[in-house]
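Whatever order the structure lists them in is the order used to number ligands and atoms, beginning at 1.
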Amino acid sequence: MAKKWKPALVHLSRALFAAAITAILAQFPFDYIESFTYDLRVRVTPPPTPSGHIETIVVDFATMKELGRAPSANDFRLVLEKLSHAGADTIISLINLSETVGSNDESRMLASTAIGIPRFMVALDDVPLEGEQDALKLPTPFEKVPAVSAPVPIDRNIFARDDVTRRMMLAYQGLPTMYPLIAARFRDDLKSKAISTNAAHETTGHESADGKSGYNSNDFRGVFDYLKSDQAFVKFAPTGTYQATSFLSILNGTIDTSRFKNKIVIIGRDIQTTSRDYVRTPFSRDIVAMTIVELAANSLETLIQNTAPKRAPDWINSVITGIISYFTVIVVLTATPTTGLLLLGSTLGMYFLISVLTLWLGGYWIGVAHPFIAIFICYYFFIPYRLIIENRRSWEYYQKNKLLTQVEELKTNFLSMMSHDLKTPIARIQGMADVVRGDSNPLSPRQKEAIDTLKRSSDELLEFVSGILSLGRIESKAIQLHMHSKDVNALVREVSAKLEYLARSKNIEVRTELEPLFSIRMDVDLIRQVLQNLIENAIKYSPEGSSILVTSEERDGHIVVQVADQGPGIPEDELPHIFMKFYRSRNAKGSSIKGSGLGLYLAKYFVELHKGRVSVDSTLGQGSTFTVELPTE
Ligand code: ADP
C-alpha cells in the first residue's frame with residue numbers, strides 16, 4: 001500500500017516545493033531584472049512604423065551656431081507664424097516661451113501670436129495638484145498662452161530604478177495630460193472626444209475636471225494605475241525614427257513647410273547642454289539616448305496607434321513560474337547532468353523567445369525575471385541533494401566491488417595453490433602406471449584395462465589442473481612469452497599424433513591438408529596447447545565414425561589453421577559465450593563428455609597474446625569449424 005502511494009507523494013512534494021518557491025519569489029518584484037529583459041525584448045522585436053501624423057523640430061547645434069545665441073522671442077514668433085501658415089494641426093512647444101530673450105514688446109508680440117494659433121500649447125514638466133492648476137500658468141505677458149502638463153516619468157526611485165524612461169503619464173488625479181487629449185484627435189474612434197478648438201485652455205484651466213475633456217482611461221490600451229496617476233508603457237521606436245527638422249531651416253525659410261500641414265508639430269531642444277532635454281530608453285542607457293521631443297512623439301504615437309504594451313497580470317506570471325519550477329525540479333532530479341543542463345538552457349532560451357513573440361505579436365509583457373530566477377534557485381537547491389544521493393550510491397558500489405575483487409583474488413589463489421600441489425601426486429600416479437605397463441611380467445586383460453583407465457583419468461586430471469594453473473597465471477598477469485621459430489605444420493602433426501589414440505577409440509579419422517609454410521616466431525608451448533584443445537574438442541564432441549579435417553595455409557600475412565568437424569554444432573545463442581571462462585554449452589553439461597570450460601578461453605587468450613584471432617563458424621547438427629589466425633610477422 002505504502003509503495004503504491006510513494007510516486008504520488010514524490011510528485012506532490014515536488015509540486016509543493018515548486019509552489020513554495022513561486023510564492024516566495026512573488027514577494028520580490030525583481031523590477032530591475034524584469035525591466036532589463038524587457039529592454040532586450042524591445043530591442044529584438046521589429047520597431048513600430050510611425051503613423052505619419054507627427055513632425056518634430058529642434059533647436060540644434062546649427063541653430064545655435066548660426067544665431068550665436070538661443071532663439072529669441074522674435075525668432076519663435078516667426079517660426080510659429082510659418083507653422084501656422086503651413087496649416088499645422090497642433091503645435092506643442094517643449095520650450096517655455098516665457099524663457100525666451102527679447103524686449104517687452106517682442107515678448108508681448110510672441111504671446112499674442114501664440115494665443116492666436118488654435119491648438120498651440122506650451123508643454124511643461126510639472127504635474128499640478130488639484131486646486132493648484134495655476135502652477136501651470138505662464139508669467140505675464142504669456143499668462144493666456146495655453147500650458148499643458150507633459151511630465152517625463154523616469155524610473156529613478158521606483159520600478160527598475162535604472163533611470164530609464166519606459167512609461168508616460170496619461171492623467172494625474174483624474175486630470176489628463178496632453179498626450180491622451182491630442183492623440184484622440186487622430187483616432188477615428190475618439191475624434192468626437194478630442195481636444196476642442198480651444199481645448200488647450202480647457203486643459204490648462206482644468207474645467208475638464210468635471211469630465212468635459214472626455215478623457216477616459218478605458219479608451220487606451222494598457223493603462224494602469226500608479227499613485228493616483230494613469231500610466232501606460234510607451235511603444236518605443238529606436239532613436240532617429242522621427243528625424244527632426246532644424247529650427248534654423250524654418251526660421252531661414254530654407255525648408256518647404258508644407259510637410260507640417262495637418263500634423264502634430266513638437267518643438268524642443270537638442271543641444272546637449274542639459275540632461276533634462278534627454279531620456280534613457282529601452283534601446284539605450286546613454287544619458288542623451290533620446291530627446292524629450294522624440295519621447296513625446298513616441299508617446300503620442302503609442303496612443304494614436306493604441307499599441308501600449310500591456311503587462312500580464314501577476315497570477316499569470318505566478319502560474320508560469322510554478323510550472324517552470326516544477327519542471328526544473330524534475331529535470332534536476334532525474335536527467336543526467338548534461339541532458340539536464342541542455343534542457344534547462346533550452347527552456348530559458350525558449351521561454352525568452354516566447355516572451356519576445358508575445359511582446360511582438362500580442363503586445364504583452366509577460367514576466368521573465370521570476371521564471372528565470374526560479375530555474376536558478378531550483379537548480380542550486382536540488383543539485384547538492386542529488387550529489388549527496390549519487391555519492392552515497394557510488395560509495396556503495398565501490399564497497400561491493402572491493403569485496404568482489406577480494407573474493408575473486410582469494411578464489412584464484414586458492415585454485416592455483418591447490419592445482420600446484422596436485423600436480424606432483426598426479427605425475428607420480430602416471431609414472432607408476434607406466435612402470436606397471438612396461439613391466440616384463442604380462443598383465444591379465446582386466447589388469448591392462450584398469451591401468452589404461454588409470455592413465456586416461458590421470459591425463460584428464462592433469463589437463464584440468466594445467467588449465468587452472470594457466471588461468472591463475474593469466475589473472476595474475478604472470479604469463480611471459482618464450483618466442484621460438486617453429487613451423488605450425490610440425491605442431492599440427494605432433495598434436496594429431498598425440499591425439500590419435502583418442503580418435504581411434506571413437507573410430508574417428510583426423511585428416512590433415514597442410515600447405516607448406518615458413519616457420520614463424522611463437523611461444524611453442526602455448527600454441528601447442530591451443531591446437532591440442534581445438535583438435536581434442538573436435539574429437540570429444542564428434543560422433544563415432546565421423547571425420548575431422550585440419551588444414552593450414554598462409555593468407556594475407558597470416559597463418560590460418562582450421563579444425564572442421566562433423567559434430568553436433570553449437571546453438572547460435574551460445575556462440576558468443578563459448579570463449580568465456582568456465583563456459584560449457586547446455587549440451588556438453590548434460591552429456592558425459594568431460595570438460596572444465598576453460599579450453600577455449602585459454603586458447604583465445606594465448607592466440608591474442610600473439611596478436612592473432614580465434615573464431616568459430618558452426619551450423620547446428622552439421623558441425624563446427626574453429627579458425628586460428630596467427631600473424632606471420
Ligand atoms: P570444454 O572443457 O567444455 O570443452 P571448452 O572451452 O573447450 O570447454 O569449450 C567450451 C564449450 O564449447 C564446450 O563446452 C562445448 O559446448 C563447446 N564446443 C567446443 N568445441 C566444440 C566442438 N568442436 N563442437 C561442438 N561444441 C564445441
Show which side-chain atoms of residues 399-406 pair as donor or acceptor with protein atoms under 3.5 Å away, not counting sequence neighbours.
unit_1	atom_1	unit_2	atom_2	d
T405	OG1	N401	O	2.6

Pairs of donor and acceptor atoms involving the side chains of residues 459-468, under 3.5 Å and at least two apart or interchain, shall be tabulated with distances.
unit_1	atom_1	unit_2	atom_2	d
D459	OD1	Q430	NE2	2.5
S466	OG	L462	O	2.7

Close-range residues for ligand 1, whose non-hydrogen atoms fall below the 4.0 Å threshold:
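Lining ligand 1: N533, N537, A538, K540, Y541, D565, I570, I578, Y583, R584, S585, A588, G595, S596, G597, L598, G599, L600, S624, F626.
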
Test the R221-Y364 pair against the cation-pi criterion, namely NZ or CZ under 6.0 angstrom from the six-membered ring centroid and within 45° of the ring axis.
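Yes, a cation-pi geometry.
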
Looking only at the side chains, is there a donor atom on one of S355 and T358 sitting less than 3.5 Å from an acceptor on the other?
no

Please list, chain by chain and in numerical order, all residues satisfying side-chain hydrogen bond (donor to acceptor under 3.5 Å, both in side chains) with Y379, sequence neighbours excluded.
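For Y379 there are no side-chain hydrogen bond (donor to acceptor under 3.5 Å, both in side chains) partners, ignoring immediate neighbours.
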
Working note: S519 + S485, criterion side-chain hydrogen bond (donor to acceptor under 3.5 Å, both in side chains); need CA distance, chi angles, decisive distance, verdict.
CA-CA 6 Å; S519 297; S485 257; 5.5 Å; no

